[in-house]
Amino acid sequence: MLKVRVIPTMLLKDVGLVKGESFNSWRRVGTAMPAVKVYNTRQVDELMLMDITATEDQREPDYELVEELAQETFVPFTVGGGITNIEQIRRLLKAGADKVSINSAAYENPQLIREAAERFGRQCIVVSIDARKEDDGRYRCYRRSGKQQTTYTPGEWAAQMEEMGAGEILITSIERDGTLQGYDLELIREVTTTVHKIPVIASGGAGEYEDFRLALVEGCATAVAAASMFHFTQQTPMEAKNYLAKCGIPVRNSIVQWG
(Lines give C-alpha, C1' and ligand atoms only; values in the text may rest on other atoms or scores of the structure.)
Protein backbone atom coordinates (compact mmCIF):
# COMPACT_ATOMS: atom_id res chain seq x y z
CA MET A 1 0.00 0.00 0.00
CA LEU A 2 1.36 3.42 -0.95
CA LYS A 3 1.75 6.03 1.75
CA VAL A 4 -1.47 8.00 2.05
CA ARG A 5 -1.70 11.78 2.13
CA VAL A 6 -3.42 14.09 4.61
CA ILE A 7 -4.34 17.32 2.83
CA PRO A 8 -5.73 20.51 4.42
CA THR A 9 -8.09 22.43 2.14
CA MET A 10 -8.38 26.21 2.19
CA LEU A 11 -11.60 27.69 0.78
CA LEU A 12 -11.10 31.16 -0.68
CA LYS A 13 -13.92 33.65 -1.17
CA ASP A 14 -13.07 37.18 -2.30
CA VAL A 15 -9.96 38.05 -0.27
CA GLY A 16 -10.28 35.65 2.66
CA LEU A 17 -10.74 32.07 3.73
CA VAL A 18 -14.19 30.82 4.66
CA LYS A 19 -15.90 27.84 6.23
CA GLY A 20 -19.09 26.55 4.70
CA GLU A 21 -21.66 23.88 5.36
CA SER A 22 -23.20 21.93 2.50
CA PHE A 23 -21.70 24.53 0.14
CA ASN A 24 -23.65 27.34 1.88
CA SER A 25 -23.52 29.67 4.89
CA TRP A 26 -19.99 30.84 4.26
CA ARG A 27 -18.26 32.15 7.37
CA ARG A 28 -14.98 34.03 7.29
CA VAL A 29 -12.08 32.41 9.10
CA GLY A 30 -9.13 34.64 8.20
CA THR A 31 -6.68 35.08 5.35
CA ALA A 32 -4.69 32.53 3.41
CA MET A 33 -1.09 33.47 4.19
CA PRO A 34 -1.23 32.87 7.97
CA ALA A 35 -2.92 29.51 7.35
CA VAL A 36 -0.19 28.48 4.91
CA LYS A 37 2.52 29.41 7.40
CA VAL A 38 0.84 27.38 10.14
CA TYR A 39 0.46 24.34 7.91
CA ASN A 40 4.13 24.58 6.96
CA THR A 41 4.99 23.88 10.60
CA ARG A 42 2.64 20.90 10.85
CA GLN A 43 4.21 18.59 8.27
CA VAL A 44 1.22 18.44 5.96
CA ASP A 45 1.62 16.35 2.82
CA GLU A 46 -0.03 18.80 0.45
CA LEU A 47 -2.18 21.93 0.46
CA MET A 48 -5.25 22.80 -1.59
CA LEU A 49 -6.57 26.31 -2.26
CA MET A 50 -10.05 26.45 -3.79
CA ASP A 51 -11.55 29.76 -4.92
CA ILE A 52 -15.23 28.93 -4.45
CA THR A 53 -16.68 31.98 -6.20
CA ALA A 54 -14.33 32.51 -9.16
CA THR A 55 -16.40 30.41 -11.56
CA GLU A 56 -19.72 31.92 -10.47
CA ASP A 57 -18.26 35.43 -10.76
CA GLN A 58 -16.64 34.55 -14.09
CA ARG A 59 -13.26 35.60 -12.70
CA GLU A 60 -9.87 34.26 -13.61
CA PRO A 61 -7.75 32.74 -10.85
CA ASP A 62 -5.85 35.19 -8.65
CA TYR A 63 -2.37 34.55 -10.04
CA GLU A 64 -0.72 37.13 -7.79
CA LEU A 65 -2.10 35.52 -4.64
CA VAL A 66 -1.12 32.06 -5.85
CA GLU A 67 2.43 33.26 -6.46
CA GLU A 68 2.64 34.82 -2.99
CA LEU A 69 1.34 31.68 -1.30
CA ALA A 70 3.48 29.34 -3.40
CA GLN A 71 6.62 31.14 -2.23
CA GLU A 72 5.70 30.18 1.34
CA THR A 73 4.45 26.66 0.58
CA PHE A 74 6.95 23.85 0.92
CA VAL A 75 4.70 20.96 -0.11
CA PRO A 76 2.78 20.22 -3.32
CA PHE A 77 0.24 22.99 -3.85
CA THR A 78 -3.06 22.48 -5.71
CA VAL A 79 -5.12 25.46 -6.88
CA GLY A 80 -8.71 25.39 -8.13
CA GLY A 81 -11.50 27.78 -9.05
CA GLY A 82 -12.17 29.80 -12.19
CA ILE A 83 -10.07 27.62 -14.50
CA THR A 84 -11.54 27.40 -17.99
CA ASN A 85 -8.64 27.15 -20.43
CA ILE A 86 -5.08 26.03 -21.08
CA GLU A 87 -3.56 29.50 -20.73
CA GLN A 88 -4.93 29.84 -17.20
CA ILE A 89 -3.44 26.48 -16.25
CA ARG A 90 -0.09 27.55 -17.69
CA ARG A 91 -0.16 30.79 -15.71
CA LEU A 92 -1.05 29.00 -12.46
CA LEU A 93 1.76 26.49 -12.86
CA LYS A 94 4.16 29.32 -13.69
CA ALA A 95 2.96 31.17 -10.58
CA GLY A 96 3.97 28.21 -8.43
CA ALA A 97 1.03 25.82 -8.32
CA ASP A 98 2.07 22.19 -8.63
CA LYS A 99 -1.40 21.01 -9.66
CA VAL A 100 -4.68 22.53 -10.77
CA SER A 101 -8.15 21.37 -9.80
CA ILE A 102 -10.85 21.60 -12.47
CA ASN A 103 -14.57 21.10 -11.89
CA SER A 104 -17.19 23.04 -13.88
CA ALA A 105 -15.03 23.54 -16.97
CA ALA A 106 -14.61 19.78 -17.35
CA TYR A 107 -18.36 19.35 -17.89
CA GLU A 108 -18.48 22.19 -20.38
CA ASN A 109 -15.37 21.10 -22.26
CA PRO A 110 -14.13 17.59 -21.41
CA GLN A 111 -11.37 17.92 -24.00
CA LEU A 112 -9.76 20.52 -21.73
CA ILE A 113 -8.70 17.67 -19.43
CA ARG A 114 -7.11 15.72 -22.27
CA GLU A 115 -5.33 18.75 -23.68
CA ALA A 116 -4.08 19.85 -20.26
CA ALA A 117 -2.81 16.37 -19.42
CA GLU A 118 -1.00 16.09 -22.73
CA ARG A 119 0.59 19.53 -22.43
CA PHE A 120 1.50 19.64 -18.73
CA GLY A 121 1.40 15.99 -17.64
CA ARG A 122 -1.53 14.22 -16.04
CA GLN A 123 0.13 14.46 -12.63
CA CYS A 124 -0.76 18.19 -12.69
CA ILE A 125 -4.46 17.70 -13.40
CA VAL A 126 -6.96 17.05 -10.60
CA VAL A 127 -10.62 16.71 -11.54
CA SER A 128 -12.88 17.78 -8.69
CA ILE A 129 -16.31 16.14 -8.41
CA ASP A 130 -19.03 17.53 -6.14
CA ALA A 131 -21.98 15.19 -5.61
CA ARG A 132 -25.12 14.65 -3.58
CA LYS A 133 -27.61 11.81 -3.20
CA GLU A 134 -30.97 12.45 -4.87
CA ASP A 135 -34.44 11.22 -3.88
CA ASP A 136 -34.08 8.19 -6.15
CA GLY A 137 -31.13 7.01 -4.06
CA ARG A 138 -28.55 7.71 -6.77
CA TYR A 139 -25.77 10.23 -6.59
CA ARG A 140 -25.53 13.03 -9.13
CA CYS A 141 -22.63 15.32 -9.97
CA TYR A 142 -23.07 19.06 -9.57
CA ARG A 143 -21.13 21.92 -11.07
CA ARG A 144 -20.78 25.64 -10.28
CA SER A 145 -20.21 25.22 -6.55
CA GLY A 146 -23.02 22.69 -6.17
CA LYS A 147 -25.68 24.88 -7.80
CA GLN A 148 -26.25 23.05 -11.11
CA GLN A 149 -27.09 19.38 -11.34
CA THR A 150 -25.60 17.36 -14.19
CA THR A 151 -26.81 14.11 -15.72
CA TYR A 152 -23.71 12.21 -14.58
CA THR A 153 -23.25 9.92 -11.62
CA PRO A 154 -19.93 10.35 -9.79
CA GLY A 155 -18.73 6.90 -10.79
CA GLU A 156 -19.30 7.31 -14.50
CA TRP A 157 -17.93 10.86 -14.56
CA ALA A 158 -14.79 9.84 -12.65
CA ALA A 159 -14.20 6.96 -15.07
CA GLN A 160 -14.63 9.31 -18.03
CA MET A 161 -12.24 11.85 -16.55
CA GLU A 162 -9.65 9.14 -15.90
CA GLU A 163 -9.92 8.17 -19.55
CA MET A 164 -9.53 11.80 -20.60
CA GLY A 165 -6.26 12.07 -18.70
CA ALA A 166 -7.00 13.25 -15.16
CA GLY A 167 -4.19 12.46 -12.76
CA GLU A 168 -6.35 12.47 -9.62
CA ILE A 169 -9.99 12.65 -8.61
CA LEU A 170 -11.16 14.79 -5.69
CA ILE A 171 -14.62 13.59 -4.59
CA THR A 172 -16.62 15.85 -2.26
CA SER A 173 -19.97 15.19 -0.63
CA ILE A 174 -22.05 18.37 -0.83
CA GLU A 175 -24.30 17.21 2.01
CA ARG A 176 -21.43 16.35 4.34
CA ASP A 177 -19.33 19.42 3.53
CA GLY A 178 -18.43 21.34 6.70
CA THR A 179 -20.61 19.20 8.97
CA LEU A 180 -17.80 17.29 10.74
CA GLN A 181 -20.09 14.23 10.63
CA GLY A 182 -17.78 11.97 8.67
CA TYR A 183 -17.23 11.21 5.01
CA ASP A 184 -19.91 9.68 2.81
CA LEU A 185 -18.27 6.28 2.43
CA GLU A 186 -20.84 5.05 -0.09
CA LEU A 187 -20.07 8.00 -2.35
CA ILE A 188 -16.33 7.45 -2.05
CA ARG A 189 -16.70 3.76 -2.91
CA GLU A 190 -18.75 4.59 -5.98
CA VAL A 191 -15.75 6.47 -7.32
CA THR A 192 -12.96 4.18 -6.12
CA THR A 193 -14.63 1.13 -7.65
CA THR A 194 -14.75 2.77 -11.10
CA VAL A 195 -11.36 4.50 -11.09
CA HIS A 196 -8.47 2.04 -11.14
CA LYS A 197 -5.24 3.75 -12.18
CA ILE A 198 -5.25 7.15 -10.46
CA PRO A 199 -5.57 8.34 -6.84
CA VAL A 200 -8.91 9.31 -5.31
CA ILE A 201 -8.98 12.01 -2.63
CA ALA A 202 -11.90 11.89 -0.18
CA SER A 203 -13.39 15.23 0.88
CA GLY A 204 -16.41 16.61 2.69
CA GLY A 205 -17.33 15.82 6.29
CA ALA A 206 -14.20 14.76 8.19
CA GLY A 207 -14.58 15.50 11.89
CA GLU A 208 -12.15 13.15 13.63
CA TYR A 209 -9.15 11.01 12.83
CA GLU A 210 -11.23 7.84 12.62
CA ASP A 211 -13.07 9.39 9.66
CA PHE A 212 -9.77 9.39 7.79
CA ARG A 213 -9.20 5.72 8.53
CA LEU A 214 -12.70 4.81 7.37
CA ALA A 215 -12.30 6.74 4.12
CA LEU A 216 -9.03 4.98 3.42
CA VAL A 217 -9.94 1.46 4.53
CA GLU A 218 -13.67 1.20 3.84
CA GLY A 219 -13.93 3.84 1.14
CA CYS A 220 -10.64 2.73 -0.48
CA ALA A 221 -9.53 6.35 -0.98
CA THR A 222 -5.82 6.99 -1.45
CA ALA A 223 -5.76 10.40 0.26
CA VAL A 224 -7.96 12.44 2.59
CA ALA A 225 -8.72 16.16 2.54
CA ALA A 226 -10.30 18.30 5.26
CA ALA A 227 -11.00 21.96 5.92
CA SER A 228 -13.28 22.58 8.93
CA MET A 229 -11.68 19.84 10.99
CA PHE A 230 -8.31 21.58 10.90
CA HIS A 231 -9.65 25.14 11.11
CA PHE A 232 -12.20 24.68 13.92
CA THR A 233 -10.91 21.90 16.17
CA GLN A 234 -7.66 21.24 18.00
CA GLN A 235 -6.91 18.30 15.73
CA THR A 236 -3.84 18.57 13.52
CA PRO A 237 -2.56 16.87 10.35
CA MET A 238 0.44 15.48 12.23
CA GLU A 239 -1.74 13.89 14.91
CA ALA A 240 -3.94 12.51 12.14
CA LYS A 241 -0.94 10.81 10.58
CA ASN A 242 0.17 9.41 13.92
CA TYR A 243 -3.33 7.97 14.43
CA LEU A 244 -3.33 6.38 11.00
CA ALA A 245 0.13 4.95 11.56
CA LYS A 246 -1.04 3.34 14.82
CA CYS A 247 -3.85 1.76 12.78
CA GLY A 248 -1.31 0.21 10.43
CA ILE A 249 -1.82 2.65 7.57
CA PRO A 250 1.40 3.89 5.92
CA VAL A 251 1.82 7.67 6.09
CA ARG A 252 4.58 10.16 5.53
CA ASN A 253 6.64 11.80 8.30
CA SER A 254 4.85 10.14 11.19
CA ILE A 255 6.58 9.84 14.55
CA VAL A 256 4.81 6.50 14.96
CA GLN A 257 6.06 3.39 13.21
CA TRP A 258 3.25 1.90 11.11
CA GLY A 259 2.56 -1.71 10.38
Side-chain angles (χ1 to χ4, degrees), residues 2-13 15-20 28-54 61-83 88-89 91-103 120-121 123-128 166-172 177-178 183 199-206 209 211-212 215-216 221-233 235-242 244 251-254:
L2 295 176
K3 292 183 178 180
V4 304
R5 291 166 289 154
V6 176
I7 308 172
T9 302
M10 300 177 291
L11 303 178
L12 181 69
K13 182 179 180 182
V15 296
L17 300 183
V18 296
K19 181 234 186 252
R28 296 207 175 277
V29 297
T31 55
M33 184 61 77
V36 166
K37 291 182 176 180
V38 168
Y39 285 132
N40 276 335
T41 68
R42 294 186 173 179
Q43 295 184 306
V44 301
D45 296 317
E46 296 185 18
L47 278 176
M48 288 186 176
L49 177 72
M50 301 297 180
D51 189 330
I52 60 172
T53 56
D62 188 335
Y63 307 108
E64 183 176 340
L65 175 62
V66 169
E67 184 172 11
E68 291 174 358
L69 297 178
Q71 291 174 354
E72 297 292 332
T73 303
F74 308 123
V75 294
F77 184 35
T78 300
V79 177
I83 300 170
Q88 292 169 342
I89 297 173
R91 290 186 64 182
L92 284 170
L93 296 176
K94 184 178 179 180
D98 298 287
K99 307 175 189 178
V100 296
S101 176
I102 302 172
N103 187 311
F120 305 112
Q123 77 281 353
C124 296
I125 310 303
V126 179
V127 170
S128 170
E168 291 185 281
I169 299 293
L170 172 66
I171 179 65
T172 302
D177 169 67
Y183 294 110
V200 175
I201 307 168
S203 176
Y209 303 140
D211 293 331
F212 291 157
L216 297 164
T222 43
V224 287
S228 296
M229 176 177 169
F230 294 138
H231 286 303
F232 288 95
T233 78
Q235 299 171 102
T236 68
M238 191 64 208
E239 290 176 351
K241 290 195 282 187
N242 289 338
L244 294 174
V251 295
R252 305 172 183 180
N253 301 319
S254 169

Using the side-chain contact (heavy atoms from CB on, under 4.5 Å) rule, take D98 and E46 through it: C-alpha gap first, then chi angles, then the decisive distance, then the call. CA-CA 10 Å; D98 298 287; E46 296 185 18; over 6 Å; no
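With respect to the salt-bridge test (charged N to carboxylate O, under 4.0 angstrom), the residues K241 and D45 qualify.
The distance from the CG atom of L12 to the CD1 atom of I52 is 8.0 Å, given to the nearest 0.5 Å. With rounding to the nearest 0.5 Å, the separation of OG1 in T236 from CD in Q43 is 10.0 Å. Atom CD in E168 sits 4.0 Å away from atom CZ in R5 (nearest 0.5 Å). Rounded to the nearest 0.5 Å, atoms OG1 (T78) and CD1 (I7) are 7.0 Å apart. Here L69 contributes atom CG and E64 contributes atom CD; the two are 10.5 Å apart, rounded to the nearest 0.5 Å. Atom OG of S228 sits about 7.5 Å away from atom CG of L11, to the nearest 0.5 Å.
The minimum heavy-atom distance linking P61 with G81 is given by the pair CG-O, 3.6 Å. Here the closest non-hydrogen pair linking T222 and L216 is C-CD2, 4.0 Å. Pairing each heavy atom of V6 with each of A240, the nearest pair is CG1-CB, 4.5 Å. The minimum heavy-atom distance linking A215 with A202 is given by the pair CB-CB, 4.0 Å. Contact detail for L47 and V75: the closest heavy-atom pair is N-CG2, 4.0 Å. Closest of all the heavy-atom pairs between A32 and M10 is O-SD, 4.3 Å.
By the side chain to side chain donor-acceptor pair (under 3.5 Å) test, D62 pairs with no residue at all, sequence neighbours left out. Contacts of A95 classified as side chain to side chain contact (heavy atoms under 4.5 Å, CB included), with partners at least two apart in sequence or in another chain: V66, E67. By the salt bridge (charged side-chain N to carboxylate O under 4.0 Å, His left out) test, D211 pairs with no residue at all, sequence neighbours left out. K37 pairs by the side chain to side chain contact (heavy atoms under 4.5 Å, CB included) definition with M33, E72, not counting sequence neighbours. Remark: S203 engages L170, T172, A225 in a side chain to side chain contact (heavy atoms under 4.5 Å, CB included) (not counting sequence neighbours). Applying the side chain to side chain contact (heavy atoms under 4.5 Å, CB included) test to Q235 and every residue at least two apart in sequence or in another chain returns E208, Y209, M229, T233.
Between Y39 and F230, the ring-plane angle classifies as perpendicular under the 30° and 60° cut-offs.
Using a 4.5 Å heavy-atom cutoff, the side chains of I125 and V100 are in contact.
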